[in-house]
Protein chains: 2
Amino acid sequence: MDGFQPPGRLVTLTDVAREAGVGESTVSRVLRNHGSSSKRARERVAEAVARLGYVPNRLAGSLAGPGASAQLAGVIVPSLANVVFPDLLRGLTGALDAAGIRCVIGVSDYDPDREEALAAALLSWRPAALLLTGLEHNPGTVALAKAGGVRVVEMIDTDGAGIDAVVGFSNRAVGAASARHLVARGYRRIAYLGHDLQVDLRAGKRLAGFEAALGEAGLSLHGTEIRPGPSSPGSGRAGLEALLARHPDLDAVYFSNDDMALGGYFACLSAGLSVPGRIALFGFNGLDFAAAMPQPLSTVRTPRLEIGRQAASCLMGERPKTIDVGFELIEGATA
Amino acid sequence: MDGFQPPGRLVTLTDVAREAGVGESTVSRVLRNHGSSSKRARERVAEAVARLGYVPNRLAGSLAGPGASAQLAGVIVPSLANVVFPDLLRGLTGALDAAGIRCVIGVSDYDPDREEALAAALLSWRPAALLLTGLEHNPGTVALAKAGGVRVVEMIDTDGAGIDAVVGFSNRAVGAASARHLVARGYRRIAYLGHDLQVDLRAGKRLAGFEAALGEAGLSLHGTEIRPGPSSPGSGRAGLEALLARHPDLDAVYFSNDDMALGGYFACLSAGLSVPGRIALFGFNGLDFAAAMPQPLSTVRTPRLEIGRQAASCLMGERPKTIDVGFELIEGATA
DNA sequence: AACCGGATTGGCAGCGCTGCCAAAAACAGT
DNA sequence: ACTGTTTTTGGCAGCGCTGCCAATCCGGTT
C-alpha cells in the first residue's frame with residue numbers, strides 16, 4: 001500500500017508547534033489541558049495534531065516533569081499460570097486505566113532473587129508505584145523499594161509487616177476458618193493436599209492457620225500430601241489418589257486451592273467415591289467453576305479483583321496503610 | 001525505623017561519576033558494557049553504584065538513545081479473565097525477559113475503540129514493539145501502528161491479512177477439524193454452544209470453519225445457543241441445559257471453549273446423561289483440567305505459550321512475516 | 001488617549017542519559 | 001628517548017518535553 005515508513009524521526013511537539021503556528025509551550029499546555037489557552041490556540045493545535053498524527057513522547061514528558069516519575073506502575077507477580085494473578089491484574093488495570101497509568105509487569109516465578117532483579121528493572125522506568133505480591137522479599141528488594149522514591153503496595157497477604165501499603169486478607173485466618181468449618185461439620189480425619197509450599201508462601205500460611213485451628217479442636221492433620229510443581233487439576237487428582245492409598249480412612253481433604261480441589265473431585269467421580277458422604281472436599285479461591293460443579297465446591301472466595309482495585313486506589317489517593325478486604329466462606333455441597 | 005525518605009532527588013549517573021572519580025561517559029560505558037573501559041574504571045564504578053544504590057533512569061536512557069525507542073513492548077489483550085491471554089503473556093514475558101524487555105499491558109475488553117485508545121497510550125511510551133490480539137482493528141489503530149515506527153505483531157489468529165508480523169493458528173481450520181472429527185465419529189445432530197460472538201471474533205471464525213466443514217459433509221448445525229457475556233463454566237452449564245430443552249434429540253455439542261465445555265460436562269453429570277453415549281462434548285483450548293476430567297475432554301490444544309514465545313522472537317531477530325504454530329486435536333473420551 | 005490587571009503566549013533552561021569527538025594515556029616498535 | 005599506534009577517557013550537545021518567567025495581548029477604565 002503506502003510504502004514502508006522508515007522508522008525515521010517521528011512527529012514531535014516542535015513539529016506540531018510549527019504546523020499550528022504557535023509556540024511549543026502553548027502546544028504542551030493545550031495538550032495537557034494545564035494552564036490557560038485561548039480557544040483559537042486549542043483549535044489550531046488540535047488540527048495540527050490530527051494532521052500530523054502526533055503521539056506525545058511520554059519518555060520525554062516524564063523525564064522533564066516534576067519528580068521525574070512516570071505514569072507507570074511496576075507490578076511483580078509470582079506467576080501468570082494461576083488465575084489469581086491475572087485477576088489481580090484485571091482489577092489493577094481496570095482501576096489504573098482511568099487514571100492513565102499503565103502497568104509494566106514482571107513475573108518472578110516465585111523466586112525472590114528474580115523478584116529483586118525485576119524490582120530493579122521496573123524501578124529503572126521510574127514508575128509512580130511498585131506493586132509486589134506477598135510480604136516476604138529479599139532484603140535487597142526492600143532496600144530498592146524504600147529508596148526508589150515510589151509508593152509500594154504489597155498485595156494479597158496481610159499476615160505480617162509491610163513496607164508501605166498492604167492490601168489483602170489474612171491467609172492464616174482463611175486456613176483457620178476452613179478448618180473450623182470442617183470440624184463443625186463433623187469431619188475428624190482430615191488431610192491436606194497442596195502444591196509446593198516452599199514456593200507458595202501464602203499457601204503455607206493457610207496451612208499453618210488450618211493446623212492451628214485443628215489443634216484448638218484437639219485434632220491434627222490426618223495425612224499430608226505435597227505435590228511438587230504448580231497447582232493444577234491434574235496434580236490434585238493424582239494427589240488425592242496417592243493420599244487415599246496411604247490413608248484409606250480419611251474423611252475430608254483440605255486443598256491448597258480450587259484447581260487442586262477440582263482434580264480431587266474428578267478423582268472421586270472416577271473412583272465412585274461419594275462426596276461428601278465418603279469424603280469431603282474443601283478448596284480455596286472461589287473460582288468460576290466451583291459454583292457450576294454438580295455439587296458446588298465448598299471453598300473460600302477471595303476478592304481478587306477488589307484487591308487490585310484497592311491497590312490501585314492506594315497509589316492515587318491517600319489511603320490507610322493496610323486494607324483488609326476480607327474473604328467469604330462458601331458453604332458448597334462438598335464439605 | 002529509618003525516617004521517611006522524601007522522594008527528593010534520586011541518585012543519578014552524574015552522582016556515580018563524581019563518587020567514582022571518573023567522567024559520566026565512562027560510567028555510562030561501563031554500565032552498559034559498551035565500548036572499552038579499563039579494569040580500574042569498572043571496579044570504581046561498580047563500587048560507587050553499590051555504595052550509592054544507583055538505579056539507572058531508563059526514561060532518560062531511551063530518550064537519549066538511538067531511535068528513541070524504549071526497551072518496552074506494548075501488549076494489548078482483549079481480556080485477562082480468559083486463561084488464554086495470561087498464557088500468551090506468560091510466553092511473552094518469559095522470552096522477552098531474557099532480552100531485558102518489559103511488557104506494558106492494556107486490556108481492551110474486546111472493544112475496538114478502547115483498543116485504539118490503548119494503542120495510542122502505549123505508543124506514547126515509544127515501545128520497541130506493539131503486540132495486538134487478532135487481526136481485526138479500527139482503521140485508526142492500524143494507522144497508529146503503521147506510523148508508530150514500531151514493529152507490530154498480531155497474535156493468535158492467522159485467518160486474514162496482518163499489519164506486519166502475525167503469529168498464531170487458523171481458527172477456521174480448528175473449527176473445521178473439530179467438525180470433521182465429530183462427523184467421523186458418527187454424530188449427526190450437532191449443536192453449537194458459545195459465548196458472545198460479536199465480541200470474540202476468533203470464536204466466530206471457529207464457528208464459521210465448523211459450519212463450513214459440516215456443510216461439506218452434507219450436515220448443518222442442529223441448534224445454536226449463544227450466551228451473552230464472557231465464557232465460563234457457569235454459562236456453559238446453563239447453556240447446555242437451555243439447548244437440551246430446545247433440542248432434546250441432539251447428540252453432540254461443539255463449545256466455544258473448554259470453560260464452556262466443562263460447564264456442559266457438569267450439566268450432563270447433574271442430569272445423569274451419559275457422555276458421549278447420550279451426548280458428546282467437544283471443546284477448545286486444551287486447558288489443564290481437560291486431561292484431568294474423569295473422561296478426558298475431547299478438544300483442540302492450542303500452543304498459547306508458544307505463540308507468546310514466537311511473538312517475542314519476532315520482535316528481536318528478523319523473522320518470517322507469518323508464523324503458523326498449528327494446533328493439535330485431542331481425542332479425549334467425550335467425543 | 002494613555003493606562004491597568006489579568007489572560008495568553010513564547011523562549012529557554014534543564015530533566016538524566018547517550019553518542020560523538022577530540023584529548024589523554026598506555027603501549028609498541030625502533 | 002621518540003614517534004606511531006591503540007586504548008581509554010571526559011566534555012558537551014541534544015533526545016522531546018515541561019516549568020518558569022518575562023513579554024505580549026486583550027478588554028475595560030479613567
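Below, read A as the first sequence line, B as the second, and so on, with proteins coming before strands; counting in each chain starts at 1.
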Mind calculating the distance between CZ (B:R42) and P (D:dT7) to the nearest angstrom? 13 Å

Side chains of A:V30 and A:V49: does their closest heavy-atom pair fall under 4.5 Å? no

If we only count heavy atoms from C-beta on, is the B:V153 to B:V167 side-chain gap below 4.5 Å? yes

Give a yes/no on whether any side-chain N or O of B:S28 is located under 4.0 angstrom from OP1 or OP2 of C:dT18. yes

What is the distance, rounded to the nearest whole Å, between atom CD of B:Q71 and atom C1' of C:dT18? 14 Å

Less than 4.0 angstrom from a charged side-chain N to a carboxylate O is my criterion; do A:R202 and A:D159 meet it? no

Pairs in or reaching into residues 27-39 of chain B: which pass side chain to side chain donor-acceptor pair (under 3.5 Å), with residues at least two apart or in two chains? B:S28-B:R32

Rounded to whole Å, how long is the line connecting atom CG of B:L13 with atom C1' of C:dC15? 13 Å

What is the distance, to the nearest angstrom, from the CG atom on B:L63 to the C1' atom on D:dG14? 9 Å

Using a cut-off of strictly less than 4.0 Å, decide whether A:R32 has a side-chain nitrogen or oxygen near OP1 or OP2 of D:dG19. yes

List every contact pair, protein side and nucleotides 23-27 of chain C side both N or O, where the distance is under 3.5 Å.
none

Any side-chain N or O of A:R58 below 4.0 angstrom from OP1/OP2 of D:dC17? no

Measure from CG on B:L31 to P on C:dG16 and round the result to the nearest Å. 16 Å

For the helix from C:dA1-D:dT30 to C:dT30-D:dA1, what angle lies between the axis at the first five pairs and the axis at the last five pairs, to 10 degrees? 50°

So, does B:N138 use its side chain to make a donor-acceptor pair with the main chain of B:G140 at under 3.5 Å? no

Using a cut-off of under 3.5 Å, enumerate the N/O to N/O pairs linking the protein to nucleotides 8-11 of chain D.
residue : atom : partner : partner atom : Å
D:dT8   : OP2  : B:S36   : OG           : 3.3
D:dT9   : OP1  : B:S38   : OG           : 2.6
D:dT9   : OP2  : B:S38   : N            : 2.9
D:dG10  : OP1  : B:G23   : N            : 3.4
D:dG10  : OP2  : B:G23   : N            : 2.6
D:dG10  : OP2  : B:T26   : OG1          : 2.4
D:dG10  : N7   : B:S25   : OG           : 3.2
D:dG10  : N7   : B:R29   : NH2          : 2.9
D:dG10  : O6   : B:R29   : NH2          : 3.3
D:dG11  : N7   : B:S25   : OG           : 3.2
D:dG11  : O6   : B:S25   : OG           : 2.7

Nearest 0.5 angstrom please: A:L130 CG to A:I76 CD1, how far? 5.5 Å

Between OG on residue A:S62 and CG on residue A:L72, distance to nearest 0.5 Å: 6.5 Å

What is the distance, to the nearest angstrom, from the CG atom on B:L59 to the P atom on C:dT18? 12 Å

Would you mind checking if B:D164 and B:K146 are paired as a salt bridge, meaning a charged N to carboxylate O distance below 4.0 Å? no

Return the value, rounded to whole Å, for the distance between atom NE2 of B:H34 and atom P of C:dT18. 10 Å

In plain terms, say whether A:R309 and A:E306 are close enough for a salt bridge, that is, a side-chain N and a carboxylate O under 4.0 Å apart. yes

Applying side chain to side chain contact (heavy atoms under 4.5 Å, CB included), name anything that partners A:A117, two or more places apart in sequence or on another chain. none

With a 3.5 Å cut-off and sequence neighbours excluded, list the donor-acceptor pairs that the side chains of residues 88-96 of chain A form with protein atoms.
residue : atom : partner : partner atom : Å
A:R90   : NE   : A:D87   : OD1          : 3.4
A:R90   : NH2  : A:D87   : OD1          : 3.0
A:T93   : OG1  : A:L89   : O            : 2.9
A:T93   : OG1  : A:R90   : O            : 3.3

Measure CG/B:N33 against P/C:dC17 and give the value in whole Å, please. 18 Å

